Amino acid sequence: MSEETTSRYEGESIDESRRTFMKSTGVATATSAIGVGANTAAAEGGGDDIGGLIAEMSLERKVGQMTQVAIDDLGDGFGPDTEFNDHDDADTLGELFTDLHVGSVLNGGASGPTWDGEEFVAGLNRLQEYAVTTTEHGIPFLWGGDALHGNTLLDGCTSFPQRLNMGATRDVDLVEAAATHTGTEIAAMGGHWIFGPTVDVLRDMRWGRYFEGHSEDPMLLGELGRARARGFQQSDRVAATVKHFAGYGTPNTGKDRAHARTSMRDLRTRQLPAYARALEEAKTVMVNSGAVNGKPAHVSQWLLTQVLRERYEFDGVVLTDWDDFRRLISNHEYLPDMESGWRRAVKQGLEAGIDMHMCGGETAPTDFIETTIDLVESGEISEHRIDESVRRILELKRDLGLFDRPTVPEGEIGDLVGGARDVSERLAKESLVLLENEGDALPLEGSESLLLTGPGIEAGTENRFLMQHGGWTLGWQGIEDGDLTEDGPRPRQNTIAGELSDRLGERFTHVPTEFEAAPYASIYENFDNGFFDVTDDQEAAVVDAAGTADAVVVVLGEGPHNEGFGDRDKMRFPKAQRELVELIDEETADDVPVVGVILAGSPRGTADTFGHLDAILFAGQPGSDTGVAVTDALFGDYNPSGRLPFTWEANVGHVPLFYDDYPPRQSIGAADGMIQYEFGHGLSYTDWEYSGLSLSTDSVRDPSSTSTVTATVGVENAGERPGEHIVEVYNTEFYGSVLQPHRRLMGFERVALEPGESATVDVELDLATLEVVPGDVPGDRARVVEAGEYELSVGDETTTLTVENEASITDPEPVPGRYDIDGDGEEDFEDVMALYRRLKRRKWREKRGRGRDRDR
Ligand code: BGC
């Protein structure tokens with residue numbers, strides 16, 4: 001095959017024949033696969049003596065453990081004899097273990113070796129059995145992958161709502177329940193490592209990974225990140241990954257893998273705390289592919305050692321992102337594209353604190369292995385440094401029980417795939433955000449004759465349903481890269497069209513418009529995340545149906561996308577969608593409600609289109625149960641309760657605006673025009689009223705010992721429909737030693753009330769949300785809650801919390817490295833001496849200067 005296909009490397013192409021694995025021939029027969037008897041003392045001891053094992057290992061085998069290799073679509077029956085075609089290093093998968101001694105394999109992009117669950121387990125078991133029985137030390141390998149909104153690697157999977165939807169629910173327990181199911185499935189599939197949660201703070205809708213980020217609020221993000229890590233790891237066979245450490249979510253200019261737009265103060269108060277929260281649970285970390293303050297994160301000793309290891313005391317495995325040592329050359333142009341550049345990349349990465357290198361499409365495993373061995377043999381990296389990483393990797397394998405039980409039963413995955421429907425449906429419902437509802441256009445009566453149109457709906461064109469799932473769903477860019485075949489894999493799913501048709505029967509008219517996914521189109525070819533059109537026939541059908549319909553629902557938005565291919569420079573809807581909405585508005589009578597449902601992983605849409613709609617439901621990418629969730633909301637069987645987890649700017653020119661940025665937001669008088677919907681916006685079919693906000697204590701003497709306060713507020717469902725409501729408590733005013741945001745979220749709680757019912761709701765407030773870095777521009781002092789009076793608000797209800805004394809809650813130390821005077825990465829006695837000498841010299845110069853003045 002000579003066809004070119006686009007690689008995971010943006011903008012580069014690789015030869016298809018190198019990526020296509022030949023189907024396995026003569027692969028080892030299936031094993032019953034429970035507790036394969038390994039052939040070494042190491043395995044027999046259940047990994048008890050990691051130190052002893054390391055002492056027996058050759059340098060080659062140790063470096064092999066630090067190597068993770070991407071394996072691809074392998075097909076049914078894959079096993080040790082299956083050809084490995086990505087690089088020349090190994091001819092078969094088995095050789096990865098026998099010849100290269102690799103410690104881990106991955107299936108990146110939510111594309112497994114096969115879409116079939118049982119084949120997946122059987123294949124991994126075959127490989128694992130081979131690894132533990134034919135290699136010298138019998139060390140099992142770790143399998144890792146991106147199960148980021150459910151175990152979306154298998155045909156028939158439950159695709160939970162995407163991360164942005166999770167943020168809209170504010171339902172930490174439910175989000176954890178979804179993660180728990182995902183972890184259980186990964187373990188049953190024979191896997192061990194989930195490359196999530198993503199804990200990158202969101203600020204820029206132009207970024208192609210916006211849909212992954214949960215929220216722009218650091219506290220909400222941290223809580224959800226921690227809950228998801230905990231959920232994944234409910235299975236003791238599974239490790240979670242906090243990624244991408246740190247600062248990946250604020251790329252300058254909104255382009256993926258760019259350097260971060262941040263400052264030391266911003267990084268320390270708004271970005272690092274969320275990672276730190278999730279690190280309380282997660283066993284591993286993946287590094288930010290971008291750079292922070294001019295230093296690529298993969299070679300930052302400050303981030304990976306001084307902050308992560310020393311300050312956060314994290315002793316788990318730190319993994320690079322995909323080919324990221326290579327990216328120091330190709331993406332960041334930090335090192336020259338020469339052998340010496342590569343060597344420096346590996347050296348600096350290991351010195352900074354990386355334990356394992358993810359060899360994706362571009363890096364041959366031997367490139368990493370041979371360079372590392374050479375660095376050690378030439379004395380540039382100590383073997384002790386290597387042993388430290390190998391220890392962490394082997395301890396992880398031991399802790400996950402891999403030495404005791406390298407393989408898993410094959411019969412468990414079947415019952416799990418497509419499960420947790422109740423969790424998925426509930427999450428999808430809770431994540432719906434009602435943006436507009438003019439004249440109570442929604443809910444619909446249910447007796448209307450209804451026209452459903454727009455691109456985001458199934459029927460006829462097979463790939464329209466991609467819009468409800470987004471990226472990392474049965475493929476990196478969403479479902480086999482958007483190239484669907486008749487019998488291709490599908491998530492378990494219901495669709496908006498299917499559900500409406502079931503409910504309305506004859507009264508339902510369906511005019512789907514054109515949509516093609518744009519998986520590898522660059523921003524220059526497609527800024528809409530999909531190709532959209534309305535044909536003449538479709539237009540005629542819309543005109544025809546709109547004239548007689550009692551209600552029109554138009555599904556708008558964007559197609560699935562991911563990483564750099566998802567970057568865009570537009571916020572408005574694609575032209576075909578804008579024109580479709582205008583046409584419907586023209587063709588419908590004034591009393592016919594026109595409802596927009598937005599399927600998108602970002603704030604898509606601007607006032608010019610919104611003005612033509614009576615009601616707007618931002619559904620995000622709700623996954624498998626989109627149909628049921630949206631239809632229930634349209635007919636009022638579910639009352640929308642989600643709140644925006646981000647700021648919806650009025651147009652792309654105002655990006656990035658985030659709700660907790662420092663004032664002022666923009667030039668005088670422009671403030672109102674810049675925002676379409678504020679962070680936390682979300683309407684309901686009923687009315688909510690608050691009364692009597694009070695605090696468990698009005699005054700805190702020392703926030704380091706009293707770090708939480710309970711706010712209590714009366715909430716009444718003052719309307720006519722039952723509903724759920726998220727009570728949010730914000731700090732809305734404070735004057736301290738540095739700028740303060742207009743609002744910052746301190747706590748939230750979800751309640752469900754019948755019409756006329758009231759409740760007294762307690763919301764636990766985390767005073768760490770008030771921490772700032774005081775002092776002048778360097779932003780290097782310890783994070784503290786400053787003393788003073790803090791106004792707290794729930795809606796229009798306000799009260800005051802007095803903090804009597806300044807104190808640190810999360811970290812009483814100044815910025816790590818502040819006293820590393822000689823810049824060797826350590827804060828030690830040498831630094832004291834260096835500072836002493838520096839001050840002495842300064843004194844001496846001053847004295848000399850004064851002496852000269854006197855002489856004159
Ligand atoms: C992404 C990671 C992901 C990895 C493996 C990279 O391109 O940045 O988030 O875990 O690929 O698929």
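Note that the structure is predicted; figures quoted are calculated from it, not measured. Order of appearance sets the numbers: ligands from 1, and atoms from 1 within every ligand.
Less than 4.0 angstrom separates some heavy atom of G109 from each of these atoms of ligand 1: 12 (O). Shown in contact with K243 at under 4.0 Å from a heavy atom are these atoms of ligand 1, numbered in order with element: 2 (C), 3 (C), 9 (O), 10 (O). Atom numbering of ligand 1 starts at 1 in the shown order; those under 4.0 Å from a heavy atom of W322 are 6 (C), 7 (O), 11 (O). The M286 neighbourhood of ligand 1 comprises atoms 2 (C), 10 (O), with distances under 4.0 Å to a heavy atom of that residue. Listed by atom number, the atoms of ligand 1 under 4.0 Å from H244 heavy atoms are 2 (C), 8 (O), 9 (O).
Scanning all heavy atoms of the two residues, the minimum distance from A110 to T473 falls at CB-N, 4.3 Å.
Remark: of the listed residues Y520, W476, F211, F211 is the sole one forming a ring-ring contact (aromatic ring centres under 6.0 Å, His included) with H561. For the side-chain contact (heavy atoms from CB on, under 4.5 Å) with T67, the lone residue among I369, T372, T366 that qualifies is I369.
Between D146 and ligand 1, a contact under 3.5 Å exists for at least one N or O pair. The shortest N or O to N or O distance between E563 and ligand 1 is below 3.5 Å.
Between Y210 and F646, the ring centre distance stays below 6.0 Å. Proximity of the aromatic rings of W193 and F195 is defined here by a centroid distance below 6.0 angstrom, and this criterion is met.
Within the 4.0 Å heavy-atom criterion, the part of R209 lying near ligand 1 is the side chain and not the backbone. Within the 4.0 Å heavy-atom criterion, the part of R257 lying near ligand 1 is the side chain and not the backbone.
At a cut-off of 3.5 Å, with distance as the only test, a side-chain donor of R492 or T158 sits close to an acceptor on the other residue.
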_Residue pair F465, Q493: steps toward the side chain to side chain contact (heavy atoms under 4.5 Å, CB included) verdict_ = CA-CA 9 Å; F465 68 77; Q493 64 180 347; 3.3 Å; yes
